Asks: 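Questions regarding the structure given below will be posed in turn.
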Amino acid sequence: MPLRPNAAALLTTVALALGAAAPSAAVASPAAPIPPTTASAASSVAAATSGSFQQVTGFGTNPGNLAMYTYTPAGLPGGAPLVVALHGCVQSATDYYRNSGWTKFADQYGFAVVFPQTSSVNNSLSCFSWFDASRAARGVGEARSVVEMVAKAESLYGSDAHRVFVTGLSAGGGMAADLLADYPDVFAGGAIDSGLPAHCATTQAAASGCQNSDQGLTPAQWGDKVRSAYPGYAGPWPRVAIWQGTADTVVRPVNAAELRDQWTNVQGLGRQPTGTRSLPGGTTQELYADANGRPAVAVFTISGMGHGLAVDPGSAADQCGATGAYFLDTICSGYYTAQFWGLDGGSGPTDPGLPAPTGLTATAAAGSVALGWQSVSGASSYQVFRDDTPVGSTTGTAFTDTGLAAGTTYRYTVAAVDGSGAAGPRSVAVTATTPGGGTPQCFTASNYAHVSAGRATQTGGQTYALGSGQSMGLWNTFVTHTLKQTGPGYYVLADGQC
């Protein structure tokens, strides 16, 4: 029988029809946004930052009826970059200021941040109108209001007009994508967090389809949506970072693939990454470089993350932000986005140094796994990671990891290290399961039953074996597979083998 959506899913569908991101079942629904209209609104977080958070008025004709807030580090020099950060639905500028982590890097790298704010007057859930052609196109509505804020900030702080960037979450991410298409002459780069392709929808009625479904467009058709937003523009195009959780049921993961197709096509790049590496929080980074080797598009895929902005509270260099509704503890997206844009001076992931090793293999034996890979020119040594934790290094292209538990699956990556000690990106991961631990169990059931029993997961109506991630087809009661458990929380397809 067909699967029926539960009450939470129905509420989500209703909210999506409004062009708004509904509360996810994975996080608590936030309280009403707190408009930061007074100095006291920012005082509770002032101790965590060294600069000033304030409202700015009189920034232009403001056809989009937005409010402007800014954060400026103490002693900010003229000619510094500028970042525009757009909140998600049911959020405010204060929420994004407090939780996103952008103020940490504004202090560290030296740039001002503009926090635009919409309200329930514009949208019942305080969403930016990414889906409305009368508000999200060049020269009109909210899009124009944001650009007027940029001009005001450049006037107030002497910001470098050639280093202006925009980022946003959910509806804010959709608006960020629209702004990159509408104003490529204003924005040097952008980041779209759990957001939508530029101009995917131009009416409120079409918003839900964009959020939930593959639109069936070719990369060229996606690229045309960008090119037609500012006819006659000849470049250069902004650099674009795309962030997406694999378990997002509000803005489905297909949107990240469509965004990749859209912006690689605009940049004249292929759809195959020129570099891949593993990052903390179960994150995979794919880079798409231009003919000069400069990354122009980056896709960050976070395994198991739902709908929200990726943050990682803490004091380490690669940590930032605070958790809350739609601020999810996985990885500090602001850290990697700022480095992708080059705000750190170019010393971070935008220039990863040595390439990732290729050809990694893993052979399991009792209590050990033997690894091997292809050599990397210029490498003085190699760092080996087990389940994202360093376990050893070697000057050769082989390593044996010992002291392992029986009947357990381990995940390995390797990074090349140059003579200065700088490690490059990690290799594509491989897994190996040590023998022992009893006879592997087999389970034959429908995809729906496998998911219900915790042997598989489902994303976007598709089913994947837990651990191995093998595709099992549609999530329903009609498709049946056999799964073999080869380790704790690790299953592989075994149709006809048990």
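Computed from a predicted structure; not experimentally measured.
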Asks: Using only atom types and a distance under 3.5 Å, with no angle test, would you say the side chain of D418 pairs donor to acceptor with the backbone of A379?
Replies: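 No, D418 side chain to A379 backbone: no donor-acceptor pair under 3.5 Å.
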Asks: Could you check whether any side-chain heavy atom of E154 comes within less than 4.5 Å of a side-chain heavy atom of D160, counting everything from C-beta outward?
Replies: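 Side chain of E154 against side chain of D160, heavy atoms only: no contact under 4.5 Å found.
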Asks: Using the benzene-type ring in the case of Trp, are the ring centres of F53 and Y71 under 6.0 Å apart?
Replies: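 No, the ring of F53 stays outside the 6.0 Å limit from the ring of Y71, centre to centre.
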Asks: For D132 and S134, does a side-chain donor sit closer than 3.5 Å to a side-chain acceptor?
Replies: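 Yes - a donor-acceptor pair under 3.5 Å links their side chains.
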Asks: Flag the pair T57 / M68 as yes when at least one side-chain heavy-atom distance between them is below 4.5 Å, and no otherwise.
Replies: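 Heavy-atom side-chain distance check fails, nothing below 4.5 Å.
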Asks: So, is the end of the R138 side chain (NZ or CZ) under 6.0 Å from the ring centre of Y230 and within 45° of the ring's axis?
Replies: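 Verdict for Y230: a cation-pi partner in R138.
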Asks: Decide whether a cation-pi geometry holds between R227 and Y233; the criteria are a distance under 6.0 Å from NZ or CZ to the six-membered ring centre and an angle within 45° of the ring axis.
Replies: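 R227 over Y233 ring: no.
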Asks: So, do D312 and D329 sit near enough that their side-chain heavy atoms are less than 4.5 Å apart?
Replies: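 Result yes, sub-4.5 Å side-chain heavy-atom pair found.
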Asks: Is a side-chain N or O of S126 found less than 3.5 angstrom from the main chain of Q91, in a donor-acceptor match?
Replies: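 Here the side-chain-to-backbone pair does not exist.
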Asks: Would you check, one step at a time, whether the test side-chain contact (heavy atoms from CB on, under 4.5 Å) holds for V83 with L343?
Replies: CA-CA 10 Å; V83 172; L343 295 180; 3.9 Å; yes
Asks: Provide the closest heavy-atom pair for A207 versus F131 in the form atom of the first, atom of the second, distance.
Replies: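 Answer, listing the atom of A207 first, then F131: CB-CB, 3.9 Å.
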Asks: Could you tell me whether the side chain of R239 and the main chain of G190 form a donor-acceptor pair under 3.5 Å?
Replies: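 No; judged by distance alone, with no hydrogens or angles, the pair does not exist.
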Asks: To the closest 0.5 Å, what do you measure between CD (Q244) and CZ (F300)?
Replies: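 One gets 13.5 Å once the value is rounded to the nearest 0.5 Å.
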Asks: Drop me the distance from N255's CG to I242's CD1, to the nearest 0.5 angstrom.
Replies: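 Output value for this atom pair is 10.5 Å.
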Asks: For a side chain to side chain donor-acceptor pair (under 3.5 Å) check, start with the C-alpha distance between T249 and H307, then their side-chain angles and the critical distance, and finish with the verdict.
Replies: CA-CA 7 Å; T249 58; H307 187 65; over 6 Å; no
Asks: Would you say Q462 and Y464 are linked by a side-chain donor-acceptor pair, where the criterion is simply a distance under 3.5 Å?
Replies: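 No pair is found: no donor N or O on one side chain lies under 3.5 Å from an acceptor on the other.
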Asks: Without swapping roles, check the side chain of E142 against the backbone of S129 for a donor-acceptor pair under 3.5 Å.
Replies: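 Flag set: sc E142 to bb S129 pair under 3.5 Å.
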Asks: Are any side-chain N or O atoms of T283 and backbone N or O atoms of P280, one a donor and one an acceptor, separated by less than 3.5 Å?
Replies: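 Present.
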Asks: Could you label the plane-to-plane angle of the W341 and F165 rings as parallel, tilted or perpendicular, counting under 30° as parallel and over 60° as perpendicular?
Replies: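 Correct class here is parallel.
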Asks: Within the distance-only criterion (no hydrogens, no angle test), does the side chain of D182 pair as donor or acceptor with the backbone N or O of A229 below 3.5 angstrom?
Replies: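 Pair absent, no side-chain N/O of D182 close to backbone of A229.
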Asks: Identify the heavy atoms of A188 and H162 that sit nearest to each other, and give their distance.
Replies: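 Of all heavy-atom pairs spanning A188 and H162, the closest is CB-O, 3.6 Å.
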Asks: Starting at CG of L196, measure out to CG of L259 and round the result to the nearest 0.5 Å.
Replies: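 L196 CG to L259 CG: 7.5 Å, rounded to 0.5 Å.
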Asks: May I ask you to test the L287-T276 pair for a side-chain heavy-atom distance under 4.5 Å?
Replies: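 No, too far: nothing below the 4.5 Å cut-off.
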Asks: Treating Y336 as the side-chain partner and Q285 as the backbone partner, does any N or O pair qualify as donor plus acceptor under 3.5 Å?
Replies: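 Checked: no pair found.
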Asks: Examine the side chains of T167 and D193 and answer whether a donor and an acceptor come within less than 3.5 Å of each other.
Replies: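 Yes, a side-chain donor-acceptor pair sits under 3.5 Å.
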Asks: So which heavy atom on V140 is nearest to which on A133, and how close?
Replies: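 So the two residues come closest at CG2-O, 4.1 Å.
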Asks: Do we see a donor-acceptor contact under 3.5 Å between the side chains of H87 and D95?
Replies: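 The criterion, which ignores hydrogens and geometry beyond distance, is not satisfied for D95 and H87.
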Asks: In plain terms, say whether E148 and K152 are close enough for a salt bridge, that is, a side-chain N and a carboxylate O under 4.0 Å apart.
Replies: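 Judged by the 4.0 Å cut-off on N to carboxylate O distance, E148 and K152 do not form a salt bridge.
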Asks: Can you confirm if the aromatic rings of Y96 and W102 lie within a centre distance of less than 6.0 Å?
Replies: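 Aromatic pair excluded; centres sit 6.0 Å or further apart.
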Asks: Starting from the C-alpha separation in whole Å, work towards a yes-or-no answer on side-chain contact (heavy atoms from CB on, under 4.5 Å) for Y335 and T337.
Replies: CA-CA 6 Å; Y335 173 75; T337 295; over 6 Å; no
Asks: Side chains of V240 and I192: does their closest heavy-atom pair fall under 4.5 Å?
Replies: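 V240 reaches I192 side chain to side chain.
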Asks: What closest approach, in Å, do Y288 and R271 show between heavy atoms, and which atom pair accounts for it?
Replies: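 Looking at all heavy atoms of both residues, the closest pair is CE2-O, 3.4 Å.
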Asks: Mark yes or no for whether S120, through its side chain, and N123, through its backbone, hold a donor-acceptor pair below 3.5 Å.
Replies: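 Absent.
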Asks: We want to know whether T301 and W243 form a side-chain donor-acceptor pair, criterion being a heavy-atom distance below 3.5 angstrom.
Replies: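 Not at all, the side chains of T301 and W243 share no donor-acceptor pair under 3.5 Å.
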Asks: For S213, does its backbone N or O pair with a side-chain atom of Q215 as donor and acceptor, under 3.5 Å?
Replies: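 Looks like yes, one N/O pair under 3.5 Å.
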Asks: Between S375 and Y382, is the side-chain contact (heavy atoms from CB on, under 4.5 Å) condition met? List the steps.
Replies: CA-CA 9 Å; S375 63; Y382 300 89; 3.8 Å; yes
Asks: Specify the closest pair of heavy atoms between P63 and G141, including all atoms of both residues, with the distance to one decimal.
Replies: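 Nearest heavy atoms, P63 then G141: CG-O, 3.6 Å.
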Asks: If we count only N and O atoms by modelled type, under 3.5 Å, do the side chains of Y157 and T70 hold a donor and an acceptor together?
Replies: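 Result is yes, a qualifying pair exists.
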Asks: Nearest 0.5 Å, please: how far is CG in D318 from CD in Q339?
Replies: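 Rounded to the nearest 0.5 Å, the CD-CG separation comes to 9.0 Å.
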Asks: CD of Q262 to CD of Q267: how many Å apart, nearest 0.5 Å?
Replies: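 That separation rounds to 11.5 Å.
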Asks: Does the side chain of Y326 reach to within under 4.5 Å of the side chain of S170, using non-hydrogen atoms?
Replies: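 Not touching, per the 4.5 Å side-chain cut-off.
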Asks: For D224 and S228, which I'm curious about, is there any donor-acceptor pair between the side chains at under 3.5 Å?
Replies: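 Absent: no donor and acceptor within the cut-off.
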Asks: If I compare all heavy atoms of T323 with all of P313, which pair ends up nearest, and what's the gap?
Replies: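 Heavy-atom minimum between the residues: CG2-CG, 3.8 Å.
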Asks: If we only count heavy atoms from C-beta on, is the F111 to S159 side-chain gap below 4.5 Å?
Replies: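 A side-chain contact under 4.5 Å is absent here.
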Asks: For a side-chain contact (heavy atoms from CB on, under 4.5 Å) check, start with the C-alpha distance between V226 and W263, then their side-chain angles and the critical distance, and finish with the verdict.
Replies: CA-CA 8 Å; V226 173; W263 290 100; 3.8 Å; yes
Asks: Main chain of T413, side chain of S427: is a donor-acceptor contact present, judged purely on distance under 3.5 Å?
Replies: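 No: the side chain of S427 does not pair with the backbone of T413.
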Asks: Quick one, V150 and V186 - any side-chain contact, counting heavy atoms below 4.5 Å?
Replies: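 Yes, at least one pair of side-chain atoms sits under 4.5 Å.
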Asks: With rounding to the nearest 0.5 angstrom, report the CD to OG1 distance, Q272 to T264.
Replies: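 One gets 10.0 Å once the value is rounded to the nearest 0.5 Å.
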